[in-house]
Amino acid sequence: MIKALHIEFLKIKRSKLLILATFLPLFAALQGGLFAVDMKGKEEDLWHFVYLGAMTQFSWFIFPLLITIILSIIARIEHHHDGWKQLFSLPVERENVYFSKLLIGFALIIYSVIVYTVGLIIAGISVGADSSIPYDMIVQRPFLVIVASLPIIAIQFYVSMRFSHVGVPLMVGIGLALPSMLIANSAKYWIYYPWTYPITSALTDTFGPLGKAEIMYTVCGLSFVVITAIGLIQFRTKDII
Amino acid sequence: MSNYLIETNGLIKSFGNFKAVNGIDLKVPKGEIYGFLGPNGAGKSTTIRMLLGLIKPTQGMVQLFGRPLKSNRLDILKKVGSMVESPSYYGHLSAYENLNITRKILELPKSEVDRVLQVVRLTEVKDKLVKKFSLGMKQRLGIAQALLGNPELLLLDEPTNGLDPSGIHEIRDLIKRLPFETGMTVLVSSHILSEVELIADQVGVIQKGEMIFQGTLQDLRVKGSSTLIIDANPMERALVHIEQMGYTVQVRDGRLYIPEQTVDPAEMNKKLVMNNISVRHLSEHRDTLEEIFLSITREDLKR
Amino acid sequence: MKLVQLIGTELSKQKRSFLWLFLFIIPLGTTGAMLLDMVIRYDDYLFPNAQENGISSWEMLINENHGVLSWGLFLPVFVAVISAFIHQNESKVDNWKNLLSLPVTRGSVLLSKYLIILVFGWLLVLFNALGLILVGKLTGFPESVSFELFGRYVLFQFISLLAIAAIQNLLNVIMKNPIFPVVVAFVGMIVSGILMYQHQQIGKFFPFLYPYIAGDLGKFGFNPDIAISGGLIYGAIVFMVGLFVFNKKDIV
């Protein structure tokens with residue numbers, strides 16, 4: 001498994017994945033900073049506005065689309081030029097390949113969230129928010145968003161691995177992200193639409209899980225396990241033509 | 001244990017209603033070069049993919065090294081090098097990096113990469129990105145990748161695709177050397193007989209998913225017919241005489257053709273001359289392997 | 001080969017493609033989302049609010065679709081995906097060399113790709129608008145449908161896409177990996193989000209914002225005419241640049 005992971009790392013070299021995972025979240029942080037600048041003088045708690053300005057966009061589409069793009073690039077490395085064929089002609093366990101790709105995806109996703117939190121802190125300091133950084137909001141919350149995004153990660157990973165045409169995961173990821181903010185506005189229906197989970201978990205003041213937090217995180221965990229398992233079963237028995 | 005390094009029994013693969021491979025019994029002896037022949041779309045690649053476990057057979061068994069592939073896939077694949085159809089590669093990585101990935105999977109020393117680069121003569125361009133390679137270079141990289149770690153069994157699917165004549169020659173020499181130098185068993189597939197003819201000991205010919213011939217090249221030659229061609233004077237008497245001997249004769253372009261394998265040309269000559277017939281020309285025409293190959297694959301098409 | 005035939009071949013390349021699915025699913029999703037929106041909020045909030053602001057239910061619906069659902073913001077990314085689909089066929093199996101070995105001018109190849117991206121983008125816009133009309137009917141808006149309003153809404157978006165389609169077409173010619181042009185459109189969308197709140201003056205010159213501006217019925221106070229002139233100007237200039245690049249490009 002360690003070997004498989006190491007090999008996956010070798011493959012993403014020069015794939016520009018790291019650049020994307022670095023710059024895309026910084027856009028969100030920038031947005032937070034700009035939002036807070038507008039509020040300067042009018043409001044006391046600038047950290048709150050840095051967070052709000054950044055998180056609205058981040059949880060709604062930047063993060064889901066970042067997930068979409070990272071996972072589709074990781075899968076495309078094999079789909080392109082028939083990599084699967086050669087890989088599976090070698091003595092490797094298919095499940096190791098599957099999990100190492102998923103883990104690399106996770107590593108990049110977590111990395112991008114770290115960049116994001118660092119960006120938030122820099123944005124907050126540069127707009128002159130007060131010196132005590134509210135770590136629970138600025139650092140803890142973004143990581144909670146990762147947990148809330150587990151269903152999205154699982155679905156995007158499944159679709160990316162399953163379809164050799166890159167358009168398909170992109171289509172799914174972008175298409176499903178579109179209505180999420182609107183649906184998050186509905187107190188009744190949001191729970192049925194996992195693309196709202198990052199929004200609800202991030203913007204607790206506006207939306208908040210409204211007592212459904214436990215259900216939400218259970219759905220996150222369960223759906224992740226189920227979808228990943230289905231994907232793995234298909235992946236193990238798939239004919240490489 | 002049998003002497004066959006690859007052995008399949010009644011191998012079938014269907015895609016929906018279509019049987020791409022229909023009951024193949026492949027038998028590849030150890031230490032030999034096996035030519036796997038058949039026209040495009042006959043099921044060669046599907047068979048080879050089943051040998052590697054890339055495709056699961058609908059029915060039938062694959063045994064490699066005397067053990068079923070199904071339950072020993074990883075152990076078996078450690079001893080197999082392969083290149084299936086067009087070579088696979090990561091275009092954004094260099095040749096060296098591509099080989100290094102395979103090397104790590106196989107847990108081989110670093111020197112292996114340099115060795116195989118040397119073998120296929122890519123050492124000078126090892127740091128170039130593979131997407132910038134020519135077709136022939138990619139093909140050679142694919143073969144290098146298959147040779148990593150000196151596998152006991154090498155499966156090459158159409159290895160000379162896209163190579164220039166000197167490249168084809170080079171690869172052919174390389175394949176020929178392998179069993180001799182390393183005891184490697186090699187299976188090479190091709191749709192052109194002449195490519196395999198010069199290197200293979202054994203051949204298997206498949207057509208529409210079925211094996212229509214398997215054996216040595218000698219056995220294949222025997223399947224071809226020979227024709228005796230005679231030009232004699234006077235023609236009419238010669239014709240009568242030969243027919244009296246019990247052969248069927250065809251007359252074409254003022255010559256007699258005896259499409260029979262058992263005729264001894266010397267005997268025939270003697271008999272005609274003794275009957276006062278002058279023989280101006282007597283020759284035996286044997287089908288070339290290419291003709292045999294074409295005729296058996298064609299015969300099968302008619303079925 | 002005539003341009004019309006080229007476009008025909010482009011269309012036939014998309015046979016059995018997921019693109020058609022995309023073309024129907026996305027508007028289906030927007031229609032569903034808007035219907036949900038109307039079911040939940042129309043009677044209690046959206047209708048009285050529209051009355052207060054002196055706009056019709058239909059205008060309100062377009063505002064919801066364009067601004068709240070953010071159709072206008074996402075549209076460039078959708079077009080980017082369409083463009084990636086259209087170009088994938090060429091780059092995946094290195095078909096460029098095949099296509100360009102036929103007796104066609106490069107200009108007409110590029111133009112046919114451009115037009116086909118546009119047509120698919122337009123269909124997407126059209127289906128979205130038809131979905132809105134359906135939502136209004138199902139909700140039972142008291143006003144009758146204003147075809148002038150919808151005609152304008154659709155037409156302005158059409159023209160704004162002239163710029164987006166030209167940009168994506170160019171990016172797909174330059175970049176080998178079809179994901180990256182989509183990433184560019186995605187970044188364009190993020191930047192649009194920033195510009196539309198904070199820097200409207202710069203926003204006027206930012207093509208990825210045009211589809212949004214095209215449907216802005218006053219919420220952020222852009223003049224939709226910007227989308228017309230911007231779409232035409234960017235469309236023409238970027239297409240010319242694309243022509244120049246494409247003509248110089250070596251097909252390897």
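Throughout, a chain's letter reflects where its sequence line sits, starting with A, and its residues are numbered from 1.
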Query raised in the report: Which heavy atom of A:Tyr189 sits nearest a heavy atom of C:Leu36, and at what distance?
Result: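 Answer, listing the atom of A:Tyr189 first, then C:Leu36: CD1-CD1, 3.4 Å.
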Using non-hydrogen atoms only, which part of [X] is less than 4.5 Å away from chain A: side chain, backbone, both, or neither?
X        : answer
C:Ile190 : both
C:Ile194 : both
C:Phe74  : side chain
C:Ile26  : side chain

Query - Which of A:Leu24, A:Ile183, A:Val172 touches chain C most, by non-hydrogen pairs under 4.5 Å - result: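 The answer is A:Leu24.
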**Report entry** chain C interface, residue from A:Leu178, A:Leu170, A:Leu182, A:Ile174 that has the most non-hydrogen pairs under 4.5 Å
**Finding:**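 Maximum pair count with chain C is reached by A:Leu178.
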Query - Heavy-atom contact with chain C under 4.5 Å, split by part of A:Leu176 - result: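 Answer is neither: A:Leu176 stays 4.5 Å or more from chain C.
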Requested in this report: Output the distance between atom CD1 (C:Ile25) and atom CE (A:Met171), rounded to the nearest 0.5 Å.
Outcome: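 Output value for this atom pair is 7.0 Å.
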Requested in this report: Fit a plane to each ring of C:Phe186 and A:Phe61, take the angle between them on a 0 to 90° scale, and name the class: parallel (under 30°), tilted (30 to 60°) or perpendicular (over 60°).
Outcome: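 Perpendicular.
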Report task. Determine whether A:Pro179 and C:Thr30 make a side-chain contact, defined as any pair of heavy atoms from C-beta on separated by less than 4.5 Å. Result ->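 No; the side chains remain at least 4.5 Å from each other.
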Query - Any side-chain heavy-atom pair of A:Arg76 and C:Ile179 under 4.5 Å - result: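 With C-beta onward as the side chain, the pair touches.
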Requested in this report: Could you pull out all residues at least two apart from C:Gln157 that satisfy side-chain hydrogen bond (donor to acceptor under 3.5 Å, both in side chains)?
Outcome: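 Testing C:Gln157 for side-chain hydrogen bond (donor to acceptor under 3.5 Å, both in side chains), a comparison that skips the adjacent residues, returns C:Trp71.
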